[in-house]
Novice: 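The structure that follows is given in the form of structure tokens.
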Amino acid sequence: QKLTLMLDWFPNIDHLPIYVAQEKGLFAERGLEVEIISPSETADGLKLAASGNVDMAVSYEPQTIIAASAGLDVKVVGRLIEHPLTTLLFLKSEKIKTPKDLEGKKIGYTVPGLMDVMLKAFMSINGVENYEAINVGFTIVPALVAGNVDAVMGPFKTYETVTMAHQNLEADYFELEKWGIPDYEELIFVCGAKTLTEKKESIRSFIQAVETATAYLRKHPEEALETYLKALPEADAKVETDAFHLTLPFYAAPGGSNAAAWQQFADFSLQHGLIEKPVVTEDLIHIW
Amino acid sequence: MLSVSGLSKVFDQQPVFSGFDLTVTRNRFAVLIGPSGCGKSTLFDVLTGVTAPDEGRILWQESEVAHLGDLAAYMHQKDLLLPWFSLLENSLLPSRTGREDLKQARSRAMQLFSRLGLSGYEKYLPYQVSGGMRQRCALVRTLMFNRDLVLLDEPLSALDAITRKRLQSLLLLLQSEFDRTLLMITHDVDEALLLADDLYLLSAKPMRIIEKIVLHGDKPGRLNTPQLLAMKDMIMKRLGEDIDHGSF
Amino acid sequence: MLSVSGLSKVFDQQPVFSGFDLTVTRNRFAVLIGPSGCGKSTLFDVLTGVTAPDEGRILWQESEVAHLGDLAAYMHQKDLLLPWFSLLENSLLPSRTGREDLKQARSRAMQLFSRLGLSGYEKYLPYQVSGGMRQRCALVRTLMFNRDLVLLDEPLSALDAITRKRLQSLLLLLQSEFDRTLLMITHDVDEALLLADDLYLLSAKPMRIIEKIVLHGDKPGRLNTPQLLAMKDMIMKRLGEDIDHGSF
Amino acid sequence: MARSNFLALAILILLLGLWEVACWIFTIPVFILPPPSIIMSTAVLRAPLILPHAMTTGLEIICGIVLALAVAIPLAMGMFAFPWLEKALSPFLVTSQAIPVFALAPLLVVWLGYGVAGKILMAAIIIFFPITVSLLEGFKGCDREFRVLFRLMGAGFWQTMRLLYWPWALPHFFAGLRVGVTVATIGAVIGEWVGAQSGLGFLMIQANARLKVDLVFAVILWLSLMGLLLWYGVGWLEKKSIFWRNNQQILE
Amino acid sequence: MARSNFLALAILILLLGLWEVACWIFTIPVFILPPPSIIMSTAVLRAPLILPHAMTTGLEIICGIVLALAVAIPLAMGMFAFPWLEKALSPFLVTSQAIPVFALAPLLVVWLGYGVAGKILMAAIIIFFPITVSLLEGFKGCDREFRVLFRLMGAGFWQTMRLLYWPWALPHFFAGLRVGVTVATIGAVIGEWVGAQSGLGFLMIQANARLKVDLVFAVILWLSLMGLLLWYGVGWLEKKSIFWRNNQQILE
Ligand SMILES: Nc1ncnc2c1ncn2[C@@H]1O[C@H](COP(=O)(O)OP(=O)(O)OP(=O)(O)O)[C@@H](O)[C@H]1O
Ligand SMILES: Nc1ncnc2c1ncn2[C@@H]1O[C@H](COP(=O)(O)OP(=O)(O)OP(=O)(O)O)[C@@H](O)[C@H]1O
Ligand SMILES: O=C([O-])O
Ligand SMILES: [Mg+2]
Ligand SMILES: [Mg+2]
């Protein structure tokens with residue numbers, strides 16, 4: 001059985017369980033042939049999964065809730081990273097200790113339409129009123145170093161911190177879930193509702209294979225990392241190794257998503273204008 | 001052989017000619033002479049079907065035709081050789097487009113090449129030979145058309161005096177030896193007097209025939225005879241008068 | 001007034017001319033006649049400084065100059081009017097580039113306009129007037145140069161017989177009334193015989209002077225005299241002989 | 001003229017009709033390709049939202065064009081005056097075209113900040129090449145006889161440039177400009193993806209992240225209209241500037 | 001010739017030198033702008049990594065050019081044969097240039113899957129416009145006298161096309177092709193954003209996101225070299241094809 005999987009972004013350490021499953025033959029032994037594709041844009045996966053042009057996609061909980069609100073018929077079938085990695089990141093300094101210290105500063109964000117809303121929510125929850133929001137795209141580190149912005153909403157605490165460290169830059173950050181934003185699942189697997197009914201068994205096998213791979217990498221982290229680096233020769237081994245150790249605690253444990261937790265985030269989204277129509281997360285999440 | 005009647009053509013509301021009549025008789029050399037911009041080339045465009053006339057009829061051997069599309073041959077002051085074909089290929093173009101037997105056409109072309117002193121240059125590209133050779137090749141191509149009527153639009157006006165003189169004799173050859181009927185545009189009075197059997201003086205735009213002159217006498221040599229010299233002065237005067245109505 | 005000696009120019013290893021000598025005398029009409037491509041325009045390019053000679057010297061009134069850059073006026077077979085300027089603006093170009101007093105130049109130009117029958121057309125753009133009027137405007141501009149020597153590169157060869165004839169008289173006016181010295185290129189033997197005081201027959205490339213002929217007699221009228229007709233035949237023969245060495 | 005306008009309209013209606021019908025028949029999801037009816041109604045209804053962004057992008061394009069001209073014109077003149085300079089520079093010009101500009105976008109942001117400057121530069125980089133090349137071709141196409149004339153009139157380089165070469169090259173210049181402005185929108189949009197607060201590119205990314213695909217396509221519609229407007233605007237300017245080609249009727 | 005080559009080299013060395021020195025003096029961080037020494041060593045040392053991606057991109061470009069030609073040639077001929085068609089189609093051609101192709105990416109995936117087809121189409125969309133426009137200009141530039149001649153030879157449309165218009169338009173065609181291939185690299189790179197597994201565009205985005213800016217620039221260097229190669233390749237082809245312009249010496 002063939003399955004196509006579209007990633008949320010270019011292949012990176014967050015996708016390690018998928019690559020381990022692929023390279024260790026965990027898909028193959030379940031009779032799956034998985035093709036892994038990068039998108040041109042983070043929303044592509046959701047669109048193509050909803051239309052059935054890819055079987056599965058990796059996406060973010062916030063964007064999936066947006067998609068559901070926009071009427072895309074997608075189902076959440078599994079988890080990859082179970083807590084937020086997204087942070088409000090800045091160069092370590094004595095001046096910024098609490099969000100209050102961001103008063104009057106220039107704050108960048110990565111994805112307009114998503115991270116700008118998160119930033120607004122973060123700031124209003126933490127009582128910051130005066131700041132300037134700037135879309136910096138993915139030029140996070142240069143923007144910080146050049147002093148164009150004082151902090152950026154969107155970087156991962158497991159990734160940008162490492163790349164910065166390798167450039168001898170020390171990063172500090174606020175974790176969203178610790179400053180009033182509901183906990184959410186950073187990376188999840190989605191598929192179209194129709195695909196789910198048609199290829200239910202294959203998709204279940206896929207999720208099982210990823211869970212097996214996650215269990216394997218917890219036991220043999222070094223071998224898992226080696227497998228991943230072999231599959232992606234263009235990756236920088238030193239950076240990926242450090243990032244891997246930071247990400248290790250976040251790879252999702254077996255078991256499905258928690259509809260109640262999702263509902264909390266969906267309500268938060270509605271309240272802060274991330275979505276316009278309410279979303280019932282029980283219909284969104286498929287429990288195996 | 002060819003006659004047009006009541007031909008009209010208007011550009012931008014201005015008539016280039018209207019109600020224009022002309023008859024060309026078999027095996028004669030008809031020459032149109034008139035001031036620049038009077039509409040001579042436009043007349044040829046209408047005859048060849050490049051542009052449609054607004055009014056009028058074209059008769060070819062008593063029967064009406066839309067244009068002379070495949071009834072006449074054509075020669076121009078530019079040699080119009082295609083630079084990407086050799087001299088021989090250029091001369092064979094009418095046979096190719098006319099779907100004639102190419103083998104036979106080739107041997108005929110070779111004969112004409114040698115007749116016009118081009119033997120040995122068949123494989124040369126146009127840029128590799130002189131202007132005179134190019135015009136002679138254009139003449140070979142004109143003969144390869146195999147058509148009784150030849151339309152010539154100032155065929156020699158770009159050439160220097162000597163080359164011009166030699167090609168004038170070749171044009172006469174077309175008429176005498178190859179039995180063609182010729183209709184030529186020129187604005188050189190000497191050339192017209194030298195070559196024409198029937199000479200038509202044309203007015204400035206809108207073009208009409210001011211006078212038709214029938215010429216006699218031994219062609220290559222007659223130019224410097226007193227009659228011809230007198231005729232030349234008369235023609236210059238007639239053309240000049242007409243132009244004076246315009247703004248010269 | 002102008003003399004060149006030992007002038008050489010090579011293109012692609014082939015000499016266009018080498019060791020070329022020529023002297024133009026004050027207030028005379030010198031005409032160069034030769035076959036197409038022999039190097040006449042190249043000689044003018046060297047004289048005007050458009051291209052540098054490989055060897056040789058140019059002397060202007062006894063002293064050596066690099067070129068005639070701002071010593072001569074120029075007229076060409078194309079009228080070379082700039083289409084974006086009116087006739088008057090075109091005629092004032094030499095005064096503008098020469099930083100002369102424009103007010104004075106303008107009144108001089110207006111006089112020439114009326115002298116050449118262009119009054120009332122000063123504000124017209126070139127495309128709005130006829131070819132003859134354009135060439136007359138080019139003549140006005142040539143006069144506005146205010147230079148003793150005028151270089152003419154086939155100034156009339158694109159015109160029809162009548163217009164040509166009229167402009168020939170105007171060229172003679174340049175010499176007689178405006179006291180200019182003229183150096184003209186042509187390949188029309190009649191025109192050369194009609195206009196020249198000193199006629200130079202040129203060979204095919206590499207260009208050299210075959211013969212210098214000094215002409216006498218009343219200019220506009222002399223052409224049909226037996227002497228001139230005989231001379232014409234002689235010139236045609238001489239030029240023809242030379243070309244025969246080439247491949248015609 | 002009337003015939004071709006009619007045909008263009010007919011083709012347009014046909015294409016839109018096919019697209020609309022295809023969306024319904026094949027039930028193409030709106031989030032992949034919305035039918036034209038929805039795109040157009042969004043483009044009109046959301047005009048108050050789109051317009052300010054369009055003004056930003058428009059401003060960037062206009063400034064980009066001005067900047068490109070400011071570079072292209074002296075460059076073309078220099079390369080025309082010194083043929084060796086042309087030969088020396090042409091590999092760099094060609095290379096500048098082969099470089100994917102979006103790759104430089106992050107750099108530009110660092111150097112020029114997140115304001116409009118980076119976007120203007122982006123648009124300019126894309127436009128200046130066709131303008132330079134066609135202007136140079138225009139200068140070089142000037143007939144030799146005219147050069148001889150100006151030489152003998154004693155005209156200097158700048159005078160000849162102004163009176164002869166420049167008007168001579170105008171038709172070529174406009175041809176290059178027309179090609180340039182069409183793609184200038186893309187330059188500005190790429191610039192806006194990299195970081196901006198407003199502009200159609202910014203709006204497009206935002207709408208895309210929110211999965212408001214109808215808005216994405218409405219923005220594309222606006223961008224296309226701006227491209228067309230620029231194209232025909234330059235055409236109009238060309239007609240006005242090259243006044244001596246307007247009416248070729250001749251007074252005889 | 002020698003002088004201009006020398007100058008190009010001198011300019012190159014000067015620019016690279018300035019860049020290198022500026023990087024050291026101003027201690028510009030490598031992730032903002034790496035010095036040329038590092039870029040070049042990365043381009044060489046990581047060649048084993050880059051080469052397969054370059055081959056993918058190269059293949060996409062070549063196929064894109066072929067596809068663009070397959071569309072541009074019949075289109076230009078059609079518009080030449082029917083001037084009203086030209087007028088009717090030109091707004092669509094212009095619009096096709098103003099649309100930011102990335103927005104179409106999901107659409108292309110839906111239609112063409114995630115293979116190379118989408119990238120080829122992207123490259124083709126970018127190239128076909130300049131080729132069509134310049135080919136059409138070439139056809140239209142054919143002298144009237146030649147048309148009269150072919151008319152009187154009784155040549156049909158296709159014969160005239162083959163024997164006259166086509167060779168006549170070749171120089172224009174190559175001019176358009178040369179412009180087209182230079183930007184084709186950009187087309188393919190943008191195309192590689194469409195769900196790619198390989199290609200220089202894919203590699204570049206990855207490297208960029210990983211802050212390996214030296215690799216980004218190494219890839220840009222490769223892309224530029226490919227663009228230059230294409231430019232000079234088309235120039236060479238032009239010289240071979242238009243053989244009748246090669247040696248303009250005349251036999252007298
Ligand atoms: N396509 C056109 N549109 C408008 N006017 C035209 C067109 N073609 C020719 N004319 C006009 O028609 C007139 C006749 O032009 P034509 O070329 O027939 O003259 P001609 O007698 O051949 O001149 P020449 O001796 O200079 O070759 C001119 O006044 C010209 O301006
Ligand atoms: N830039 C150039 N490069 C190479 N050869 C050239 C160049 N310019 C002219 N020639 C050659 O020099 C010769 C003389 O050309 P020139 O234009 O001076 O002839 P001409 O006597 O003025 O001819 P025509 O009577 O046709 O105007 C020709 O054979 C031409 O091929
Ligand atoms: O996804 C980020 O690494 O910002
Ligand atoms: Mg004519
Ligand atoms: Mg000449």
Side-chain angles (χ1 to χ4, degrees), chain D residues 1 3-12 15 28 31-33 83-92 94-104 106-107 110 129-130 133 137 175 179 182-183 185-186 189-190 193 201 204 208 213 216-217 219-220 223-228 230-232, chain E residues 1 3-12 15 32-33 83-92 94-104 106-107 110 126 129-130 133 137 175 178-179 182-183 185-186 189-190 200-201 204 208 213 216-217 219-220 223-228 230-232:
Chain D
M1 195 61 188
R3 187 183 180 188
S4 59
N5 282 343
F6 175 76
L7 194 82
L9 202 71
I11 293 178
L12 183 68
L15 283 180
I28 298 174
F31 53 86
I32 297 268
L33 180 65
W84 48 268
L85 190 64
E86 185 200 344
K87 282 225 174 99
L89 286 186
S90 62
F92 297 101
V94 175
T95 312
S96 80
Q97 287 312 286
I99 292 178
V101 273
F102 79 94
L104 300 179
L107 264 182
V110 173
F129 183 73
V133 169
E137 288 303 313
V179 171
T182 330
V183 288
T185 50
I186 297 183
V189 164
I190 293 179
W193 292 348
M204 201 153 79
N208 197 45
V213 181
V216 173
F217 276 84
V219 170
I220 292 181
L223 278 172
S224 306
L225 290 179
M226 284 170 66
L228 276 179
L230 283 167
W231 172 273
Y232 286 109
Chain E
M1 194 63 186
R3 186 185 179 185
S4 60
N5 282 343
F6 173 76
L7 195 81
L9 203 71
I11 292 178
L12 183 68
L15 284 180
I32 290 193
L33 181 64
W84 47 269
L85 189 66
E86 184 198 343
K87 282 227 175 97
L89 287 186
S90 60
F92 299 100
V94 174
T95 312
S96 80
Q97 291 308 291
I99 292 179
V101 274
F102 102 103
L104 305 177
L107 207 61
V110 170
I126 290 192
F129 184 72
V133 169
E137 288 304 311
R178 213 143 14 110
V179 171
T182 328
V183 288
T185 50
I186 298 183
V189 165
I190 294 180
L200 291 177
M204 196 152 81
N208 195 41
V213 181
V216 172
F217 276 83
V219 170
I220 292 180
L223 277 172
S224 306
L225 290 178
M226 285 170 67
L228 277 178
L230 282 167
W231 172 274
Y232 286 110

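Throughout, protein chains are lettered first and strands after them, A, B, ... in sequence-line order, and every chain is numbered starting at 1.
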Novice: Select one option (side chain, backbone, both, neither) describing which atoms of L230(D) are under 4.5 Å from chain E's heavy atoms.
Specialist: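 L230(D) has no heavy atom closer than 4.5 Å to chain E.
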Novice: Could you tell me which portion of L225(E) (side chain, backbone, both or neither) has an atom closer than 4.5 angstrom to a non-hydrogen atom of chain D?
Specialist: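 Neither part; nothing is under 4.5 Å.
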Novice: What are the two closest heavy atoms between I11(D) and A88(E), and how far apart are they?
Specialist: CD1-CB, 4.3 Å
Novice: Do you know which two heavy atoms are closest between F92(D) and L15(E), and how far apart they sit?
Specialist: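 Where F92(D) meets L15(E) most closely, the heavy atoms are CE2-CD1, 4.3 Å.
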Novice: Which one, F129(D), Y232(D), W231(D), leads in non-hydrogen pairs under 4.5 Å with chain E?
Specialist: W231(D)
